[in-house]
Amino acid sequence: MDEHYKPEAVETRWQTHWMSEELYKVQEDASQAKYYLLEMFPYPSGKIHMGHVRNYTIGDVVARYKHMRGYNVLHPMGWDAFGMPAENAAIANKTHPARWTYDNIDAMRRQLKRMGFSYDWDREIATCRPEYYRWEQWLFLKMYERGMAYRKESYVNWCETCQTVLANEQVEAGMCWRCGKPVRQKKLAQWFFKITDYAEDLLIHCDQLSGWPDKVVTMQKNWIGKSVGAEIDFPIENSFRHISVFTTRPDTIFGATFICLAPEHPMVLELSTNTSQKAEVSAFVDRISLQDRSAKGIESYEKEGVFTGAYCVNPMSGYRMPIYTANFALMGYGTGAVMSVPAHDQRDFDFARKYGLDIIVVVQPESSLLEPSAMTEAYSGEGLMVNSGAFNGQRNTEALQLIVDYFEAHSLGKRTVSFRLRDWGISRQRYWGAPIPMIHCDACGIVPVSESDLPVVLPENADLLDGGHSPLPTLPGFMRTTCPQCGSKTARRETDTMDTFVESSWYFQRYCSPHYHEGMFDPKAVNYWMPVDQYIGGVEHAILHLLYSRYYTRVLYDMGLVSYKEPFTRLLTQGMVCKETVQCPTHGFLFPEEVLSGKERLCKICHQPVNIGRVEKMSKSKKNVVDPNVLLEKYGADTTRLFCLFASPPERSLEWSEQGVDGSFRFLNRIWRLSAIWMPCVQQSPAFDGSMDSLAPDLRELYKKIHQTIFKVTSDIEDRFHFNTAISAVMELVNMMYGFSVENATPELIRLFRLAIESVVLLLSPVTPHITEEIWHELGYSNSIFMASWPKYCPDALVKDMLLVVVQVNGKLRSKFTVAADTDDDAIKQQALADERILKCIAGKIVRKIVVVQKKLVNIVI
RNA sequence: GCCUGGGUGGCGGAACAGGUAGACGCAAGGGACUUAAAAUCCCUCGGGGUUUAUCCCUGUACGAGUUCGAUUCUCGUCCCAGGCACCA
């Protein structure tokens, strides 16, 4: 065995070998337990980044570990290949999105292969291929048939100058990122998926996602946002009509002094028509319609509103309530109308103070007396009902139910639930996406493409246009078609493409049978492999991607295409890899290699000092990325993998720093050297398999350490994916092994050392598969270490015969001693009280209490 | 703003069910080996104190609380990150 560790030679040798042996190819095998390990597939941006390296290394360790535990492991990889960056790159580099994407896929595949991941590359998919998206189009047609896909109007970010719809990311402080002109909201008819039909089901099953992190489940629940309340009708003054509001606080109805309608509410303009407020209202509605209506946007604008000129009557108190339209009322939530109770809701309170509206207290806390004129904030807690007619004096929590009973009895309103979740808008006015398979016919209206005409192929040779808008509407070859219903030659194709989240909502099923031509997937393969046993990906996907996938799976379930509702049994959300951002005043965000570092960091192009920005998630658009290629060239794949895992536990975010990679490399060198030194002896000897008791004391310590390490590594991987502590444990074992000298080694020690080296190599093989494979073969094995079984620990070796007892006085550490493991608590207590240093501490004091924690600690309270 | 997390030495992190704070590693300093360097090996390493000890005080963002005992539980404050529906 060569004395020097040469990662590049070792790694390329085994990568070539594994590939020629087709080591990672898998098939359904009913005789074996399956394990589907999936990592979130990447967007092919061109280069893998540290987030990918971290994500895929974690996945690979688990895949290899499970394989060594005897599972038939499906571990696939592919490309989430549609999306906006391809269009931006095409505009910037005068190329085609398809060309750019396929080149990037080739480059990234090479990088992933260089990392030594155990993917079955025969199952690779790219979502931009018609073989993939044709089935997505097929499912769209099925969803359309069932009313699950429908069209309605909604708002988009619109840049008048570029004549383009902008993604939220392309809007910077309300301005277009390309031309810097203000962005306004524009109403467009768009396609939606009816995810709200599944709101209740998605919510109920949250509690069954026991393999998911609690925080993700909580985020999903909050996102769905079920609230129980009542819908109440408020009669409009001098009219036979009414306004319906949704409220979670029907108990406060006697305190409702005004109504707020969303600016998009159909009654806003109508109510103001015959009033002096007409002009002001329509100006307000026009102005607000240009504003960003996202949650973030709404919160960032000042709360404001305009009186419509009309009044409602409070059905309980008879109070004459002015009707306002206000920018914080959302048409998409509840009924688009809010009953405002300023005394008990902070937003209503602020609004009432701003516009001089009445505040009526109806829930009185028991501790203090609320006086409207003296209140500085709303009171939203519990209390007793006041100013509420027949309900006065009751607890508001009880009155709430009675009031709703009253509404229902008198047909004023009813119990109802409302969800925060909105339907999923899937239309994109973009080119690089899967075409929505619909046709617009002047005679027949909107008509689905017939199934036999699928796929509707996206023309890949289209040129992107200035300003970034989709070329599809300008391509006669794509646009012009015949109506499947009436045969009209003037029919036009839908030019919207689908949200890329649609592709990622079902790709995990496609991996089960990636070359299947009869449908989305082969039912046999899906029945065997699905659901995914362990899904691993960035925590940034905790809501949207995971919720859409859960929804889409339910749609497939209801169509009888799959037999499960939840696609991912266990989920690990890895923390983000973050890094500071660097911006040049002229050239914008800079890649690390575009910065000259010195006393002051300068832009490489213009030599101006750069601004160091926030620490943020590594992303291509912010350019705060680290190129894994540099690490691969300098240290190799094993060191890169080892460092990623050792640096922090997977669920935690990792602020990137160069420090520490050297340490991982040194550790692999230590293992290599240790193996090289002992190899001549160890090659000639079997591994120790005798009993622990027959060993000399120092050898027994090594034996115990080996088994403790196996135990620690196994439970760290199995229970919590804490690879950093697993690696630490192996480091400790290796440190101990360095305490033994090969000179004058007894046959017994050599046998034990073979066991130690084999254990180290087996335990690390999921993390650093190349170096361990090399040593494994040096030990005389001809099969890959990947085919070996995971080592077992001997429970007897974990038993400690001496225990350390800690003695505290008033909770402060004062002394410690070791006792035989079978010493009873009373004897430990006596020994603690007899301890010299403890006697010093408690001399002349009265011992008030003694706490003994079994075989661990004594605390003497004085 | 709202929802969800996080904050421990110079740095990454450990302490898994409330019981020794700082495992393991990096960086730094000192030493050994060497003609020299690299590599390797050994020692020191949260802060402060003096009587230099198996010593004392202090310390897990900050402020309270519960407890014999809190990095861990509760409440409040500050800061950082992720998500907020067209980045993926």
Side-chain angles (χ1 to χ4, degrees), chain A residues 4 40 42-43 45 80 82-85 156-157 165-171 195 213-216 218-223 225 294-301 332 420-430 499-501 504 538-545 547-548 573 575-576 578 614-617 619-621 643 646-649 651-655 657-664 666-667 669-670 673 715-716 719-720 722 724-725 727-732 735 738 804-813 815-816 836-837 848-851 853 856-862:
Chain A
H4 295 285
M40 290 178 185
Y43 178 79
S45 56
D80 187 12
F82 276 136
M84 209 175 45
V156 292
N157 300 312
V165 175
L166 299 175
N168 290 340
E169 196 192 40
Q170 298 174 313
V171 181
I195 189 172
D214 291 342
K215 63 168 175 181
V216 176
T218 311
M219 282 191 262
Q220 295 234 332
K221 283 183 182 171
N222 290 341
W223 184 262
S294 72
K296 226 184 319 185
I298 299 271
E299 296 298 338
S300 65
Y301 292 114
R420 208 186 70 99
L421 182 69
R422 304 201 304 264
D423 276 342
W424 175 12
I426 59 141
S427 272
R428 297 292 179 269
Q429 291 68 39
R430 294 249 165 71
D499 180 6
T500 57
F501 274 124
S504 57
V539 66
E540 68 272 27
H541 296 291
I543 296 173
L544 292 181
H545 162 58
L547 192 68
Y548 290 151
T573 49
M576 237 89 35
C578 299
R614 297 193 307 146
V615 172
E616 281 181 84
K617 165 175 93 165
S619 77
K620 185 132 176 132
S621 56
F643 177 68
F646 185 61
S648 84
E651 69 280 4
R652 208 136 118 177
S653 69
L654 175 64
E655 191 181 326
S657 84
E658 298 297 307
Q659 290 187 336
V661 189
D662 264 323
S664 295
R666 265 204 291 265
F667 175 59
N669 274 289
R670 274 168 74 76
R673 234 173 17 250
S715 58
D716 280 349
D719 303 342
R720 26 175 234 170
H722 276 206
N724 55 335
T725 50
I727 293 163
S728 297
V730 180
M731 285 174 169
E732 286 186 44
N735 287 346
Y738 264 95
L804 181 69
V805 175
V806 175
V807 190
Q808 301 177 333
V809 176
N810 286 350
K812 280 184 183 159
L813 175 70
S815 185
K816 40 191 162 184
E836 211 179 302
R837 278 181 293 162
R848 294 195 304 175
K849 190 173 174 186
I850 299 173
V851 181
V853 178
K856 209 176 210 174
L857 173 142
V858 180
N859 187 15
I860 300 163
V861 186
I862 53 172

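The sequence lines fix the lettering, A, B, ..., with proteins before strands; numbering per chain opens at 1. Computed over heavy atoms, backbone and side chain alike; hydrogens, waters and symmetry mates excluded.
With a 3.5 Å ceiling on both atom-pair distances, the Watson-Crick or G-U wobble partner of B/rA81 is B/rU4. Base pairing analysis places B/rG63 opposite B/rC75; the two distances defining the Watson-Crick or G-U wobble pair are each below 3.5 Å. Of the nucleotides present, B/rG10 is the one that pairs with B/rC26 by Watson-Crick or G-U wobble criteria, both distances under 3.5 Å. Across every strand in view, B/rG69 sits unpaired, with no contact that passes the Watson-Crick or G-U test at under 3.5 angstrom.
The side chain of A/Asn222 contributes an N or O atom lying less than 4.0 Å from OP1 or OP2 of B/rU4. Dashed line: the shortest gap from a side-chain N or O of A/Arg837 to OP1 or OP2 of B/rC55 is under 4.0 Å. Phosphate proximity of B/rG5 to A/Lys215: absent, as no side-chain N or O sits under 4.0 Å from OP1 or OP2. Under 4.0 angstrom from either OP1 or OP2 of B/rC26 there lies at least one side-chain N or O belonging to A/Arg666. Close to B/rG13, at under 4.0 Å from its OP1 or OP2, lies a side-chain N or O of A/Arg652.
Between A/Trp223 and A/Thr500, the residue whose closest nucleotide on RNA chain B is further toward the 5' end is A/Trp223. Toward the 5′ end of RNA chain B lies the nearest nucleotide of A/Ser715, the other residue of the pair A/Ser728 and A/Ser715 mapping further downstream.
Residue contacts shown for A/Ala647 are limited to sugar-phosphate atoms, with no base heavy atom under 4.0 Å away. Counting any heavy atom pair closer than 4.0 Å across all strands shown, A/Arg670 reaches sugar-phosphate atoms only and no base atom. When heavy atoms are screened at a 4.0 angstrom cut-off, A/Leu421 is found touching base atoms of the nucleic acid. Contacts of A/Gly538 with the nucleic acid, taken as non-hydrogen atoms under 4.0 Å apart, are absent. Base contact: A/Gln808 has a heavy atom under 4.0 Å from a base atom. Using a 4.0 Å heavy-atom distance criterion, A/Arg720 is classed as a base contact. Among the atoms of the strands shown, none is found under 4.0 Å from any heavy atom of A/Val171. In this structure, A/Val216 reaches neither bases nor backbone, as no heavy-atom distance under 4.0 Å exists between it and the strands shown. Across all strands shown, A/Ile850 has no heavy atoms under 4.0 Å from either base or sugar-phosphate atoms. Within the 4.0 angstrom heavy-atom criterion, base atoms lie near A/His541. Using a 4.0 Å heavy-atom distance criterion, A/Phe501 is classed as a base contact. Residue A/Lys812 is classed as a sugar-phosphate contact, given heavy-atom separations below 4.0 Å to backbone atoms only. At the heavy-atom level, A/Leu857 lies under 4.0 Å from base atoms of the strands shown. Residue-level contact check: A/Pro649 touches the backbone only, with heavy atoms under 4.0 Å from sugar-phosphate atoms and none from bases.
Between the side chain of A/Asn859 and the base of B/rC68 there is at least one donor-acceptor pair of N/O atoms closer than 3.5 Å. Between the side chain of A/Arg430 and the base of B/rC86 there is at least one donor-acceptor pair of N/O atoms closer than 3.5 Å. Residue-to-nucleotide contacts include no donor-acceptor pair under 3.5 Å from the side chain of A/Glu651 to the base of B/rG5. On a pure distance criterion of 3.5 Å, a polar donor-acceptor pair joins the side chain of A/Gln429 and the base of B/rC86.
Between the side chain of A/Asp423 and the backbone N or O of A/Ile195 there is at least one donor-acceptor pair closer than 3.5 Å. Between the side chain of A/Asn157 and the main chain of A/Val165, no donor-acceptor pair closer than 3.5 Å is present. Put simply, the side chain of A/Gln808 never gets that close to the backbone of A/Leu857: no donor and acceptor are under 3.5 Å apart.
For A/Lys617 and B/rA88, the NZ to C1' distance is 7 Å, given to the nearest whole Å. For the pair A/Arg420 CZ and B/rG83 P, the computed distance is 15 Å after rounding to whole Å. Atom pair A/Asn724:CG and B/rC26:P shows a separation of 15 Å (rounding to whole Å applied). Nucleotide B/rA15 holds its P atom 13 Å from the CG atom of A/Asp719, rounded to whole Å. Separating the CD1 atom of A/Ile543 from the C1' atom of B/rG5 is a distance of 12 Å, rounded to the nearest angstrom. Atom-to-atom, NZ of A/Lys856 to P of B/rC16 comes out at 8 Å; the value is rounded to the nearest Å. Atom CE in A/Met84 sits about 14 Å away from atom P in B/rA85, given to the nearest Å. Put simply, CZ on A/Phe646 is 11 Å from P on B/rG13, counting in whole angstrom units.
Anti is the glycosidic conformation of B/rG76, whose angle departs from 0 by more than 90°.
Rounded to whole Å, the separation between the C1' atoms of B/rG46 and B/rG59 comes to 8 Å. To the nearest whole angstrom, the two P atoms, one in B/rU20 and one in B/rA70, are 11 Å apart. Comparing the same atom, C1', in B/rC3 and in B/rG9 gives a spacing of 34 Å after rounding to whole Å. Spacing of P atoms, B/rG29 relative to B/rA38, comes out at 12 Å, to the nearest Å. One C1' atom belongs to B/rG7, the other to B/rG13, and the distance between them is 13 Å to the nearest Å. Comparing the C1' positions of B/rU8 and B/rA15 gives a spacing of 10 Å, expressed to the nearest Å. B/rG12 sits 15 Å from B/rA81 when the P atoms are compared, rounded to a whole Å. Between B/rC73 and B/rC16, the two P atoms lie 12 Å apart (nearest whole Å).
Of all the heavy atoms in A/Phe646 and A/Ile727, the pair that sits closest is CD1-CG2, 3.7 Å. The two residues A/Gly811 and A/Asn859 come nearest to each other via the heavy atoms N-OD1, 2.9 Å. Heavy-atom minimum distance, A/Arg837 versus A/Lys816: NH2-N, 4.4 Å. Of all heavy-atom pairs between A/Asp499 and A/Gly425, the closest is OD2-O, 4.2 Å. Summarising the geometry of A/Ser653 relative to A/Ser648, their closest heavy-atom pair is O-OG, 4.5 Å, with the distance given to 0.1 Å.
The side chain of A/Asn735 approaches B/rC24 more closely than any other nucleotide in the set B/rA88, B/rC24, B/rG83. Closest approach to the A/Val851 side chain among B/rC87, B/rC26, B/rG19 is made by B/rG19 (side chain taken as heavy atoms from C-beta onward). Out of B/rA15, B/rG82, B/rA88, the shortest distance to the side chain of A/Val539 is found at B/rG82.
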I'd like to know whether A/Glu540 forms a side chain to side chain contact (heavy atoms under 4.5 Å, CB included) with A/His545, so could you lay out the CA-CA distance, the side-chain angles of the two residues, the decisive distance to 0.1 Å, and finally the verdict.
CA-CA 9 Å; A/Glu540 68 272 27; A/His545 162 58; over 6 Å; no
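Checking each of A/Asn810, A/Ile860, A/Val861, A/Ile862 against A/Arg848 for a side-chain contact (heavy atoms from CB on, under 4.5 Å) leaves exactly one that passes, namely A/Val861.
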